[in-house]
Amino acid sequence: MVRTAVLPVAGLGTRFLPVTKSVPKELLPVVDRPSIQYIVEECVDNGVDDVLFVTATGKSAMEDHFDRRLDLETALADKGKDAELALVRDLAELATVHSVRQGEALGLGHAILQGAQHIGPDGSFAVLLGDDLLEPGCDFLARMIEAHERTGRPVIALMEVPQDQVHLYGAAEVEPTDRDGEFRVTSMVEKPPPGEEPSNLIMVGRYVLPGSIFEVLRSTPPGRGGEIQITDALQTCAQEEPIIGLKLDVPRYDTGDKLGYLKANLQFAAVREDVGPELLAWLREWLGEDAAVGAGPR
Ligand code: G1P
């Protein structure tokens, strides 16, 4: 049973400076919820209710978001704001949240390794990266967990991208299986230089891993960018026996950079009943005219 997720959230968020000087990147809102809330909700929707944040100094507001906030609850109760009160209370009951500090930013593999004590060598766990949001309510993670429980192998999420974007990601070499959308991954490489891509299948930020990965990570030397990479540890596993790749069949929203973040906000807002119809009508009108883009704030 996979009940625990490791969420690496220790990054400095330098692509979003200056806001990330004081606000963790994971708390930047997509419409009205911090992006990390979508990730925790995805865990819970897929049967994973024990969440371990791998965090860093200056990011404790993230844990506060999933804790009780009694002064706010009292104020909302006094004003009879029941719907808002339920929103605040439900967050604290969503999942069991733990945290561990990464200490030094030595890479994604190193961040995952910080979960070793919580999970142990015999447990299995999910890893979700906060920059990759999936369609809310989707069961993709549950299907990854099913594949892991059926095979005992590490499971990664794969997606096709245009060839000229592969160098931004981990990329995989695969063989088909007789299951639709499921592949045997025979080899992986982290951010291959242009011209050396094994395929145009990239690794999306979802993993389901056996606890034995910790031992592999401990002996994985620094790789791309001088960091300990989960891709390199998985490559070691795949050399013994192929691991499993599941091709993403739900929309993915990339909040990792400014443009992706802005697009995700529009996409999430467009399907919301409260703001979607008006937003779309306004966008059509605005873009239909000679969009007055010069008139905005600096
Ligand atoms: C990480 C992983 C990479 C993966 C990507 C998905 O890279 O190292 O293999 O393809 O997430 O978003 P990062 O975006 O942290 O550089």
Side-chain angles (χ1 to χ4, degrees), residues 5-16 20 24-26 28 30 35-36 38-39 42 53-56 102 104-115 126-135 140-141 144 154-174 183 185 187-194 196-209 213 216-217 220-238 243-248 250-261 263-264:
V6 171
L7 273 43
V9 289
L12 291 172
T14 48
R15 282 185 284 186
F16 283 90
T20 43
K25 175 179 76 167
E26 295 78 8
L28 297 182
V30 175
S35 57
I36 193 70
Y38 293 97
I39 300 282
E42 181 186 336
F53 286 146
V54 181
T55 182
Q102 190 176 1
E104 275 181 285
L106 299 180
L108 178 57
H110 179 258
I112 293 170
L113 190 49
Q114 307 314 304
V127 177
L128 294 88
L129 305 188
D131 286 347
D132 289 326
L133 297 188
L134 302 188
E135 184 81 339
F140 189 75
L141 185 65
M144 291 180 73
V155 180
I156 61 174
L158 298 170
M159 185 179 130
E160 270 175 49
V161 296
Q163 194 80 6
D164 64 355
Q165 288 177 26
V166 174
H167 70 101
L168 301 169
Y169 301 96
E173 198 172 324
V174 304
F183 296 88
V185 181
S187 140
M188 276 147 290
V189 55
E190 182 65 13
K191 305 199 173 83
E196 292 176 30
E197 303 90 347
S199 74
N200 64 343
L201 277 178
I202 61 117
M203 298 161 69
V204 183
R206 299 290 180 276
Y207 308 80
V208 177
L209 304 171
I213 197 74
V216 182
L217 279 167
T220 299
R224 173 81 45 201
E227 297 187 335
I228 297 168
Q229 300 288 353
I230 186 65
T231 306
D232 295 343
L234 289 169
Q235 167 69 358
T236 304
C237 299
I243 69 165
I244 305 295
L246 281 196
K247 201 162 154 191
L248 203 63
V250 295
R252 163 196 181 244
Y253 307 91
D254 177 7
T255 59
D257 62 26
K258 278 176 262 202
L259 187 60
Y261 171 77
K263 285 183 190 168

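Each ligand, and each atom within it, is numbered from 1 in the order the structure gives.
In Leu12, the CG atom is not crowded: 12 or fewer heavy atoms of neighbouring residues, nucleotides or ligands sit closer than 6.0 Å.
Heavy-atom proximity to Thr231, at under 4.0 Å, picks out these atoms of ligand 1: 9 (O). Listed by atom number, the atoms of ligand 1 under 4.0 Å from Gly170 heavy atoms are 3 (C), 4 (C), 9 (O), 10 (O).
Listed by chain and number, the residues in a ring-ring contact (aromatic ring centres under 6.0 Å, His included) with Tyr169 amount to none (sequence neighbours excluded).
Here Phe16 and Tyr261 bring their ring centres to under 6.0 angstrom of each other.
Assignment of Leu129 to the shell around ligand 1 is supported, since a heavy atom sits closer than 4.0 Å.
In terms of protein heavy-atom proximity, atom 12 (O) of ligand 1 is nearest to Asp132 OD2, 3.0 Å. Regarding atom 5 (C) of ligand 1, its nearest protein heavy-atom neighbour is Met203 O, 3.9 Å. The nearest protein atom to atom 2 (C) of ligand 1, hydrogens excluded, is given as Glu190 OE2, 3.6 Å; this is a heavy-atom distance. With respect to atom 14 (O) of ligand 1, the closest heavy atom belonging to the protein is Lys191 NZ, 4.6 Å.
Counting heavy atoms from C-beta on, the side chains of His110 and Pro8 never come closer than 4.5 Å.
In this structure, atom 8 (O) of ligand 1 is in close contact with the protein, since a protein heavy atom lies within 4.0 Å of it.
A donor-acceptor pair is defined here as one N or O able to donate and one able to accept, closer than 3.5 Å; such a pair exists between the side chain of Arg206 and the backbone of Asp132.
When all heavy atoms of Ala172 and Val185 are compared, the pair lying nearest together is CB-CG1, 3.9 Å.
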